[in-house]
Amino acid sequence: MGFIDGIKAKAKANLQTIVLPETKDIRTYQAAAKVLKEGTANIVLIGSPREIAQESQGIDLTGITCIDPATSERTAYYIQQLVELRKNKGMTEEQARELLLNNTLYFGVMMVKCGDANGMVAGASHSTADVLRPSLQILKTKPGAKLVSSFFIMVVPDCTLGDNGTFLFTDCGLEQNPDAQRLASIAISAAESFKTIVGGEARVAMLSHSSKGSAKHPDVDKVVEATRMAKELAPDVAIDGELQLDAAIVESIGASKAPGSPVAGRANVLVFPDLDSGNIGYKLVERLAKAQAYGPITQGIAAPVNDLSRGCSVDDIVGVVAITAVQAACTR
Ligand SMILES: CC(C)(COP(=O)(O)OP(=O)(O)OC[C@H]1O[C@@H](n2cnc3c(N)ncnc32)[C@H](O)[C@@H]1OP(=O)(O)O)[C@@H](O)C(=O)NCCC(=O)NCCS
């Protein structure tokens, strides 16, 4: 079974409700109809009945819940809750009403916050920052996580490294330049994400241009310190570093550069030291090794909200909805 088919099977087994707030985009309706047909999640769309009827262009939405912020009986409660959550940032009732009536992303996140939905997927017609900002402001990090970060699941064809070619790469999309403490938190979140999404034991490599002291530089010191913190915070997780990429994933090189390491040569979770290396790294593997790259998927957030690429296909949305549903089932 392919990676996404496996995720869809997991999603079907524990049905969650996912919000798709981008109702000005035809792909949202096509994806919603497909999700419903495949039975991987319940879908909520946000918009006025007139707009939804106009934009969906006759796509059968039977079985999909449509919520209109202008008439929903929950809107007043969301306004009150949003004011409460953001009052220390100066949020007034008027501003909260304006946001919830005019920005479906904020409305969707408040549905998740207030327990009326389990997760949200957006980004087909909004930037990453626009999708993530409301969720970071309102949902916040989950207990124990220092920050929200992101990961990609990479499925490399004809590859026996990692978990038969499957790896989790992090953070390739969100946190610009984490310090040691934040890098440690990213590593621990990634180990959890691996268990949730891929299944099986995570073996976490803290990547660097140095293996076990082979180079000296403050950048290396950061990874060494992050490794120490991550091990201390999650003693049951197999984490090791600092490791070069080859020492992390190739058994013979791991054995020579980091003998006795529980991770070297067998890593399936690769923690990059910063966003530049992470973003460049996943794109290299995607383009040169022709890997499938699923993400960016958020982690460390109190309830799942995931971002789409603006060039996404309907199937991409359907896949991310299933991933979000599986994450939601594990956070409940
Ligand atoms: C995520 C991101 C959009 C937030 O940017 P922003 O809107 O300027 O955010 P701010 O720094 O004003 O933070 C907004 C809120 O989110 C919180 N926040 C920001 N980053 C966070 C993180 N990684 N984890 C948890 N909370 C975070 C802030 O604390 C703030 O909360 P507050 O308003 O309650 O104080 C920004 O980090 C970003 O653009 N990252 C890179 C994304 C990107 O371009 N990726 C490219 C490759 S795909």
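First listed ligand is number 1; within each ligand, the first listed atom is number 1. Residues take their numbers from the sequence shown, with the count starting at 1. Computed from a predicted structure; not experimentally measured.
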List, for ligand 1, each N/O atom that has a protein N/O partner under 3.5 Å away, with both atom names and the distance.
unit_1, atom_1, unit_2, atom_2, d
ligand 1, 7 (O), Arg133, NE, 2.4
ligand 1, 7 (O), Arg133, NH2, 3.3
ligand 1, 23 (N), Val148, O, 2.9
ligand 1, 23 (N), Glu175, OE1, 3.3
ligand 1, 24 (N), Val148, N, 2.8
ligand 1, 33 (O), Arg86, NH1, 3.4
ligand 1, 33 (O), Arg86, NH2, 2.8
ligand 1, 34 (O), Arg86, NH1, 2.7
ligand 1, 34 (O), Lys140, NZ, 2.7
ligand 1, 35 (O), Lys89, NZ, 2.8
ligand 1, 40 (N), Leu174, O, 3.1
ligand 1, 45 (N), Gly173, O, 2.8

query = Cut-off 3.5 Å, side chains only: do Thr298 and Asn306 have a donor facing an acceptor?
reply = yes
query = When Ile, Leu, Val, Met, Phe, Trp and Tyr are grouped by side-chain heavy atoms lying under 4.5 Å apart, directly or through other members, which residues fall in the same group as Leu284?
reply = Ile280, Leu288
Donor-acceptor pair, side chain of Asn14 and main chain of Val326, under 3.5 angstrom = no
task = Using the test side-chain hydrogen bond (donor to acceptor under 3.5 Å, both in side chains), find all partners of Ser208 that sit at least two apart in sequence or belong to another chain.
result = none
ask   = For Ile186, does its backbone N or O pair with a side-chain atom of Ser189 as donor and acceptor, under 3.5 Å?
value = no
Under the salt bridge (Lys or Arg N to Asp or Glu O under 4.0 Å) test, residues paired with Asp130 that sit two or more places apart = Arg133
